[in-house]
Protein chains: 2
Amino acid sequence: MSLPHPNLDQISLANVLSVLGDQTRLAVVGYLARNEGVAMSCGQFSEFGSKTNLSYHLAKLREAGITRTEVSGTSRLISLRRDDLDSRFPGLLDSIITAAQDLPALERLRDDA
Amino acid sequence: MSLPHPNLDQISLANVLSVLGDQTRLAVVGYLARNEGVAMSCGQFSEFGSKTNLSYHLAKLREAGITRTEVSGTSRLISLRRDDLDSRFPGLLDSIITAAQDLPALERLRDDA
DNA sequence: TCCTTAGTTCAAAATATATTGAACTATTGA
DNA sequence: TCAATAGTTCAATATATTTTGAACTAAGGA
């Protein structure tokens, strides 16, 4: 009943970077960062893509070790693995989130970059 | 006689991350970081791939704004755009380089991750 | 001038990633 | 029990990225 997540030593730098090197996933992470503490389900991200496409991107984030997804009924509760990432790659997530927040919303979403 | 480089505001976060999300390019950046101040030509990176393949990867790094490539005779002198990246995305490159240095050399090179 | 060296370009092939819609599962509320 | 809701999976397609080798350019040195 719970989804697979990599443990700390299975989180790879190159994979984290390539997974975050995508506008949609960067937008999701920015949104999570802006709403830390609030329980986020997949539906909250609907502005970033179709249901089926988000399912794909959210799985990539989980499999890379960037997010944690807890099953709760028919919902999934998604959160950033901040502490894990901070201990594995100190400063990395903070600098990415800061840079992502500085982008205008449109650029965060824009796909044609 | 000089190659095109993006200027500061043309450097995009998603692009930097996706370009660095590759073992070969991460290895090149780690090597540059470990040898800052030393003039590096393409040939120095031969351990990371074939001549033609490196030409491709080094162009990606340059086009993303991560490296600067100066033409010098038949050679190219390649360096990290540290100050530019630091001002655009504070802390990002440092955290990536630190994390990349902590990897064992084999993992830095491994392609089957 | 001729040869060598350093690196680029091109086009083809291989591989990986992203997007879609239809069909599906599981939970929940009426 | 039935229908609705939340999300997943599958297979197909579309698209992008990587890798390769052969042919190329431009600069130096003998």
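Chain naming here is simple, since letters A, B, ... match the order of the sequence lines and numbering starts at 1 in each. Only heavy atoms go into these numbers, but all of them, side chains included; no hydrogens, no water, no symmetry mates. Please read all numbers here as calculations on a predicted model, not as lab measurements.
- Comparing dG7(C), dA26(C), dA18(C) by their nearest atom to the side chain of T74(A) picks out dA26(C).
- Closest approach to the R76(B) side chain among dT17(C), dG7(C), dT18(D) is made by dG7(C) (side chain taken as heavy atoms from C-beta onward).
- The ring pair (Phe, Tyr, Trp, His ring centres under 6.0 Å) check on F45(A) picks up Y31(A), with sequence neighbours excluded.
- At dT17(C), none of the side-chain N or O atoms of H57(A) fall inside 4.0 Å of OP1 or OP2 (strictly under the cut-off).
- Put simply, L61(A) and L8(A) are part of the same group of oily side chains (I, L, V, M, F, W, Y) that touch within less than 4.5 Å, one to the next.
- Here the P atom of nucleotide dA6(C) and the CD atom of Q44(B) are 10 Å apart, to the nearest Å.
- Among dT8(D), dG7(C), dT18(D), the nucleotide with an atom closest to any side-chain atom of S41(B) is dG7(C).
- Residues I11(B) and A64(B) approach most closely at CG2-O, 3.5 Å, considering heavy atoms.
- Note on residues 57-81 of chain B: no pairs pass ring-ring contact (aromatic ring centres under 6.0 Å, His included), not counting sequence neighbours.
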Can you check nucleotides 21-23 of chain C for protein contacts, nitrogen or oxygen pairs under 3.5 Å, and list what you find?
unit_1, atom_1, unit_2, atom_2, d
dG21(C), O6, T52(A), OG1, 3.1

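- When the side-chain nitrogen and oxygen atoms of S55(A) are compared with OP1 and OP2 of dG7(D), none of them lie within a distance under 4.0 Å.
- Between the P atom of dT18(D) and the CD atom of Q23(B) lies a distance of 12 Å, rounded to the nearest Å.
- Rounded to a whole Å, the CG atom of N53(A) is 19 Å from the P atom of dA12(D).
- In this structure, CG of L3(A) is placed 13 Å from C1' of dA6(D), rounded to the nearest angstrom.
- Under the side chain to side chain contact (heavy atoms under 4.5 Å, CB included) criterion, S95(B) pairs with L92(A), S95(A), sequence neighbours left out.
- Separating the CG atom of L54(A) from the C1' atom of dT9(D) is a distance of 15 Å, rounded to the nearest angstrom.
- Rounded to whole Å, atom C1' of dT17(C) lies 14 Å from atom CG of L61(A).
- For S50(A), the side chain to side chain contact (heavy atoms under 4.5 Å, CB included) partners are T52(A), N53(A), not counting sequence neighbours.
- Atom CG in L58(B) sits roughly 13 Å away from atom P in dT19(D) (whole-Å rounding).
- With the nearest nucleotide of DNA chain D identified for both S75(A) and R62(A), S75(A) has the one nearer the 5' end.
- Following rounding to the nearest Å, L26(A) (CG) and dA18(C) (P) show an atom-to-atom distance of 13 Å.
- In the set dT17(D), dT20(C), dT17(C), the nucleotide with an atom closest to the side chain of S50(A) is dT20(C).
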Using atom types as modelled, flag every donor-acceptor pair under 3.5 Å from a side chain in residues 73-83 of chain B to any protein atom, sequence neighbours excluded.
unit_1, atom_1, unit_2, atom_2, d
R76(B), NH1, T74(B), O, 3.4
R81(B), NE, D84(B), OD2, 3.0
R81(B), NH1, P6(B), O, 2.8
R81(B), NH2, P6(B), O, 3.1
R81(B), NH2, D84(B), OD2, 2.9
R82(B), NE, E36(B), OE1, 2.8
R82(B), NE, E36(B), OE2, 2.9
R82(B), NH1, D94(B), OD1, 2.8

